[in-house]
Amino acid sequence: MQHRPFGRTGWQVNPIGFGAWAIGADWGAVSDQDAEAALNAALDKGVNFIDTADVYGMGRSEKLIARVLKSRGGRQDIVVATKAGRKLNPQVAEAYTVEAITGFVEQSLKNLEVDALDVLQLHCPPTPVYSNAALFDGLEKLVQAGKLKHYGVSVQDVGEAVKAMDYPIASIQIIFNMLRQKPIDTLFDLAKRKNVAIIARVPLASGLLTGKMKPDTKFGQDDHRNYNIHGQAFDVGETFSGVPYDVGLAAVEKLRPLVSGNATLAATALRWILMHDAVTVAIPGAKNVAQAESNAAAGDLPALSAEQMAAVRQVYDADIRPLVHHRW
Ligand SMILES: NC(=O)c1ccc[n+]([C@@H]2O[C@H](COP(=O)([O-])OP(=O)(O)OC[C@H]3O[C@@H](n4cnc5c(N)ncnc54)[C@H](OP(=O)(O)O)[C@@H]3O)[C@@H](O)[C@H]2O)c1
């Protein structure tokens with residue numbers, strides 16, 4: 001699939017990227033060997049955008065990315081977007097100071113072994129942070145100081161995304177998938193007009209949209225699909241897209257017949273995201289080579305038909321919208 005422009009940055013990225021949370025932590029054990037192999041497989045298939053954060057395994061994900069890129073002879077045209085802010089405890093708006101974020105940037109520079117971060121995203125900060133113009137000024141100064149090439153935000157909801165566009169951000173990361181469609185109605189046109197890149201996260205609804213999960217599927221103690229199922233650790237919208245597990249499974253059974261030919265539901269779910277031209281890059285997580293390769297190939301699926309698109313919308317409107325649309 002054709003690369004897409006990453007907002008105003010001048011970069012062109014493969015619209016299927018790589019989400020590096022699962023190779024850091026919180027998704028059950030993934031060995032260094034599997035993690036590196038998964039990332040290498042994605043890069044071998046032409047993926048050139050990686051999303052990570054300082055808290056994914058407390059530096060593990062960033063260091064692993066640095067190691068893999070070094071082993072491949074350097075950065076070439078690969079964009080690495082990281083995030084900062086979630087190390088702050090308590091998570092209160094007042095804690096989001098320029099000094100604190102600068103400290104996190106310095107650590108990420110070390111972990112990623114670079115002089116400047118490609119993109120630094122504020123990592124789902126409390127809503128009042130989006131009204132803190134001084135913080136965004138501070139990010140601008142970090143660009144001028146050569147520590148950041150660009151900065152953006154990873155938001156919890158559409159309202160925060162719209163507010164963040166008051167500042168000269170390069171990108172917005174937001175949950176967008178077949179079970180989370182609000183950004184279509186209220187965000188995408190504005191982001192296109194303002195030339196802000198959209199990074200679609202949780203594209204497989206934490207794996208639900210692969211169609212492999214069953215009512216009795218068990219998740220380990222160290223997997224957020226177990227310990228955050230009711231939002232005990234962080235926003236419940238990050239786990240299964242905030243859809244109750246049984247409702248999600250039932251919706252998947254309605255989506256499954258929409259898959260055409262030899263395609264998988266996972267690849268169809270990713271291709272559905274790319275049907276929206278406001279989306280710059282979708283960032284599926286992958287824990288092994290097979291997942292990384294099949295996700296990377298999803299961009300090559302033919303476009304979904306108007307009938308398929310309408311049927312997905314119908315499932316969303318009937319079963320999912322009443323539960324999520326007003327929340328995020
Ligand atoms: N606040 C934030 O900024 C934030 C929050 C969440 C995510 N993110 C970013 O978004 C990325 C992606 O979201 P996500 O990781 O939450 O969820 P996701 O991409 O919706 O789901 C990823 C999980 O689905 C399973 N999977 C992936 N590809 C598969 C395939 N082809 N076949 C079968 N199973 C497959 C894997 O887990 P299993 O094999 O264990 O099922 C994988 O870990 C993250 O890695 C992270 O970079 C950011």
Side-chain angles (χ1 to χ4, degrees), residues 16-30 34-35 38-39 41-42 45 47 49-57 60-62 64-65 80-86 91 119-125 152-157 160-161 171-180 199-214 217-220 222-226 228 233-243 248 252 263-273 281-298 301 328:
I16 299 286
F18 186 93
W21 182 16
I23 63 167
D26 304 313
W27 290 77
V30 182
D34 282 350
L39 181 53
K45 291 282 176 197
V47 165
F49 183 90
I50 305 169
D51 177 75
T52 184
D54 57 358
V55 286
Y56 294 167
R60 180 183 182 222
S61 175
E62 290 182 327
L64 207 137
I65 290 164
V80 180
T82 192
K83 312 188 197 81
R86 301 301 295 187
Q91 271 294 312
V119 187
L120 187 271
Q121 305 160 95
L122 294 179
H123 197 169
C124 291
V153 289
S154 183
V155 301
Q156 213 83 258
D157 65 35
E160 292 171 347
S171 57
I172 291 171
Q173 181 176 142
I174 191 162
I175 298 180
F176 180 57
N177 61 47
M178 286 174 165
L179 307 180
R180 182 70 77 88
I199 302 168
R201 79 165 179 268
V202 195
L204 297 170
S206 312
L208 203 49
L209 288 169
T210 64
K212 69 180 178 183
M213 286 169 185
K214 310 231 157 32
T217 299
K218 296 272 179 288
F219 302 100
D222 54 351
D223 190 320
H224 72 101
R225 294 169 294 186
N226 177 336
N228 195 51
F234 43 81
D235 192 274
V236 69
E238 306 293 343
T239 300
F240 299 126
S241 219
V243 176
V252 163
T264 61
L265 180 58
T268 307
L270 294 174
R271 187 66 184 86
W272 177 89
I273 291 175
V281 56
I283 49 167
K287 296 163 80 172
N288 54 49
V289 169
Q291 291 179 357
E293 287 184 345
S294 63
N295 293 343
L301 283 186
W328 296 282

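Quick note: residue numbers are just sequence positions, from 1. Indexing begins at 1, ligand by ligand and atom by atom, following the structure's order.
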Part of T210 within contact of ligand 1 (heavy atoms, under 4.0 Å): side chain
Kindly give the heavy-atom pair with the smallest separation between D235 and N228, and that separation in Å. O-ND2, 3.5 Å
Atoms of ligand 1 under 4.0 Å from any heavy atom of P284, numbered from 1 in the order shown, are 19 (O)
Closest non-hydrogen protein atom to atom 11 (C) of ligand 1, residue and atom name please, with distance? I283 O, 3.2 Å
Between A296 and I16, the two heavy atoms sitting closest are CA-CG2, 3.9 Å
Can you list the atoms of ligand 1 that are under 4.0 Å from a heavy atom of A20? 45 (O), 47 (O)
Shortest protein heavy-atom distance from atom 31 (N) of ligand 1, along with the residue and atom involved: N295 OD1, 2.9 Å
Would you check if the distance from the ring center of F176 to the ring center of W328 is below 6.0 Å? no
Is F234 close enough to touch ligand 1? Criterion: a residue heavy atom under 4.0 Å from a ligand atom. no
I want to know if ligand 1 touches S206 in the polar sense, i.e. an N/O pair below 3.5 angstrom. yes
Using side-chain heavy atoms (C-beta onward) and a distance below 4.5 Å, is R225 in contact with T217? no
Which of parallel (below 30°), tilted (30 to 60°) and perpendicular (above 60°) describes H224 and F234? tilted
Look only at interatomic distance and state if A286 has a nitrogen or oxygen under 3.5 Å from any nitrogen or oxygen of ligand 1. no
Indicate yes or no: does an N/O atom of G19 lie under 3.5 Å from an N/O atom of ligand 1? yes
Atom indices of ligand 1 within 4.0 angstrom of C124 heavy atoms, with elements: 1 (N)
With sequence neighbours left out, write down each residue that passes side chain to side chain donor-acceptor pair (under 3.5 Å) with S171, or none if nothing qualifies. none
For ligand 1, is Q156 a contact, meaning one of its heavy atoms is under 4.0 Å away? no
Contacting atoms of ligand 1, where contact means under 4.0 angstrom from a heavy atom of H123: 1 (N), 2 (C), 3 (O)
Please identify which atoms of ligand 1 are closer than 4.0 Å to at least one heavy atom of S294. 31 (N)
Ligand 1 versus A205: contacting region, heavy-atom distance under 4.0 Å: backbone
I'd like to check F219 versus M213 (side-chain heavy atoms, cut-off strictly below 4.5 Å). Are they in contact? yes
Would you check if T82 and E62 make a side-chain contact, meaning some heavy-atom pair closer than 4.5 Å? yes
All side chain to side chain donor-acceptor pair (under 3.5 Å) counterparts of R271, not counting sequence neighbours: none
Just need the protein heavy atom nearest to atom 16 (O) of ligand 1, so name the residue and atom and give the distance. W27 CZ2, 3.2 Å
For K83, the ligand 1 atoms whose distance to one of its heavy atoms is below 4.0 Å: 3 (O), 48 (C)
Short question: side chain of R86, backbone of C124 - any donor-acceptor pair under 3.5 Å? yes
Protein heavy-atom partner closest to atom 41 (O) of ligand 1 - residue, atom, separation in Å: K212 NZ, 2.7 Å
Checking a contact table here: which protein heavy atom is nearest atom 22 (C) of ligand 1, and how many Å away? G285 O, 3.7 Å
Is there side-chain contact between K287 and D34, with at least one heavy-atom pair below 4.5 Å? no
Using a strict cut-off of 4.0 Å, indicate which atoms of ligand 1 neighbour a heavy atom of A22. 43 (O)
Atom 24 (O) of ligand 1: closest protein heavy atom, distance to 0.1 Å, is G207 CA, 3.5 Å
Note: heavy atom closest to atom 44 (C) of ligand 1, options F18, W21, F219, belongs to W21
What atoms of ligand 1 come within less than 4.0 Å of a heavy atom belonging to R225? 37 (O), 38 (P), 40 (O), 41 (O)
To which protein heavy atom is atom 9 (C) of ligand 1 closest, and what is the distance rounded to 0.1 Å? D51 OD2, 3.5 Å
Please list the nearest protein heavy atom to atom 29 (C) of ligand 1 with its residue and the distance rounded to 0.1 Å. Q291 CG, 3.6 Å
Do D51 and K83 pass the salt bridge (Lys or Arg N to Asp or Glu O under 4.0 Å) test, and can you show the C-alpha distance, the side-chain angles, and the key distance before you say yes or no? CA-CA 8 Å; D51 177 75; K83 312 188 197 81; 2.7 Å; yes
Do the side chains of T210 and Q291 get nearer than 4.5 Å, heavy atoms only? no
Just one of V153, I174, V155 clears the side chain to side chain contact (heavy atoms under 4.5 Å, CB included) bar with E160, so which one? V155
